[in-house]
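I have placed the structure first, in the form of structure tokens, so that the comments after it can refer back to it.
Excluded from the calculations below are hydrogen atoms, water molecules and symmetry mates; all remaining heavy atoms, backbone and side chain alike, are included. Residue numbers start from 1 in every chain, and the chains themselves are labelled A, B, ... in the order their sequence lines are given, proteins ahead of strands. For clarity, every value in this text was computed on a predicted model and none was experimentally measured.
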Number of protein chains: 2
Amino acid sequence: MSHMVYSCLMAVDRDHVLRSAAALLTRKATATMDEVAKAAGISRATLHRQFAGRDALVRALEALGISECEAALDAAALDDGPASEAARRLVHELQPAAALLAFLYTENQLFEGEEQNAGWSRIDDRVAALFRRGQEAGEFRIDLTPGWLTEALYGLLASAAWAVTEGRVARNDFTHMIVELLLGGALRRDETRREES
Amino acid sequence: MSHMVYSCLMAVDRDHVLRSAAALLTRKATATMDEVAKAAGISRATLHRQFAGRDALVRALEALGISECEAALDAAALDDGPASEAARRLVHELQPAAALLAFLYTENQLFEGEEQNAGWSRIDDRVAALFRRGQEAGEFRIDLTPGWLTEALYGLLASAAWAVTEGRVARNDFTHMIVELLLGGALRRDETRREES
DNA sequence: CCATCGTGAGACGTTGATGTCTCACATGGT
DNA sequence: ACCATGTGAGACATCAACGTCTCACGATGG
């Protein structure tokens, strides 16, 4: 009986802690467990009760990032309509998770080897599939590989997230900046072709 | 007398250590001083004689990155010819330093506040000035701010550097991938271009 | 009213990296 | 041969973060 109540409360707290940790670690990737705890408004002991250690916390954040990514991928309905519009929807859906993704993106670069969560590969595949679809539909240029476009999307998301938190670009322009730069580059430019070289 | 010889030798060694450290830290940003020393083929003691501590080492790497950036900026002659060609030259010149820049780029995101080296602002300004020049010449679109384009360039450089080291894209395509994506997005779209030519 | 449980505070011991030190050794110049 | 100097190896103390533990408090449910 009480089990239900407690597990419910813990689930709520767990999510709150996760959110605060994401917000803090996004700004200061080297934040200590003590700082994470204080940022979440709890003690270090409680933090340790919910996440066995820093690794567990980071892996939980990774799981959160993956689930948010997949939610965004679903919401964007990548298979519908023009690929460019699908990409625009994707970036728009990804925006709230951008800061967290930026943290996880660099966190993965921090260590060598150390096989990464399989979830990322599936996400990579879905994003790459979108670009491939755009290429096969004659919508995107074919000299930029889907793999590179995927990587570039991550990079631009991270750059934009940082630029926003440091006030170098306005938060409102977030989606526009990324989409326009990415698609403008990925979109085949038919009219310009005749002029190039 | 002997001072000359020793200082000369130390200068050579210092540069070599710096290069190896850059190569290692690029792959594993959390590498220990011991690993850095071994990677450079020297003992930890000697490493410590040349760089007072980890901070000093990172700051030396920062100085190296800044100087390489400025060398690339000079070599690219950003004020000559079309801005798009200048940007292409810039990326090409920046390529050898890309991995180091990727390391320093994330290193700066790792800490909050902590005023960054003034050298970066000057570099930012020069790059942003290039994009601004392209906009004023009617070559680049004006809805993407020079500041964002600068930030995006850094992000793409880092993404490409990582993608290359992890074998996701071919090293030979490095410049092409970045330039085509960046410029394709930055270049103003066709209709206006027709009138001009 | 009492029992239970989560929590905060804090005291540990442990680990890993760091910075400092000494000393023996090899090299190179005198 | 002699001396000086840079180097490698390793010992040593220090420090910060971690993980574990205990204990008292407050709240909640029976």
Apply the side chain to side chain donor-acceptor pair (under 3.5 Å) test between T175(B) and each candidate in E93(B), R88(B), Q95(B), R89(B); give the one that qualifies. Q95(B)
Could you list, one pair per line, each protein nitrogen or oxygen that sits under 3.5 Å from a nitrogen or oxygen of nucleotides 17-20 of chain C, together with the distance?
{"unit_1": "dT18(C)", "atom_1": "OP1", "unit_2": "R54(B)", "atom_2": "NH1", "d": "3.4"}
{"unit_1": "dT18(C)", "atom_1": "OP2", "unit_2": "T32(B)", "atom_2": "OG1", "d": "2.5"}
{"unit_1": "dT18(C)", "atom_1": "OP2", "unit_2": "M33(B)", "atom_2": "N", "d": "2.8"}
{"unit_1": "dG19(C)", "atom_1": "OP2", "unit_2": "H48(B)", "atom_2": "NE2", "d": "3.0"}
{"unit_1": "dG19(C)", "atom_1": "N7", "unit_2": "R44(B)", "atom_2": "NH1", "d": "3.2"}
{"unit_1": "dG19(C)", "atom_1": "O6", "unit_2": "R44(B)", "atom_2": "NH2", "d": "3.1"}

Report yes if a side-chain nitrogen or oxygen of T46(A) is closer than 4.0 Å to either non-bridging phosphate oxygen (OP1 or OP2) of dG8(C); otherwise report no. yes
NZ of K38(B) versus C1' of dT7(D): gap in Å, rounded? 16 Å
Rounded to whole Å, the CG-C1' distance (L47(A) to dG10(C)) equals 16 Å
Rounded off to whole Å, could you give me the CD1-to-P distance for the I42(A) and dA9(C) pair? 11 Å
Once the angle between the rings of Y105(B) and W162(A) is folded into 0 to 90°, is it parallel (under 30°), tilted (30 to 60°) or perpendicular (over 60°)? perpendicular
Whole-Å distance between dG19(D) P and Q50(A) CD? 15 Å
Does D74(B) pair with R126(B) as a salt bridge, N-O distance under 4.0 Å? yes
Using side-chain heavy atoms (C-beta onward) and a distance below 4.5 Å, is I123(B) in contact with Y154(B)? yes
Kindly indicate, with the supporting measurements, whether the criterion salt bridge (charged side-chain N to carboxylate O under 4.0 Å, His left out) is fulfilled by R133(A) and E139(A). CA-CA 9 Å; R133(A) 177 169 83 84; E139(A) 208 174 344; 5.6 Å; no
Would you list the atom pairs, donor with acceptor, under 3.5 Å between side chains in residues 37-44 of chain A and any protein atom, with sequence neighbours excluded?
{"unit_1": "S43(A)", "atom_1": "OG", "unit_2": "A45(A)", "atom_2": "N", "d": "3.4"}
{"unit_1": "S43(A)", "atom_1": "OG", "unit_2": "T46(A)", "atom_2": "N", "d": "3.3"}
{"unit_1": "S43(A)", "atom_1": "OG", "unit_2": "T46(A)", "atom_2": "OG1", "d": "3.3"}

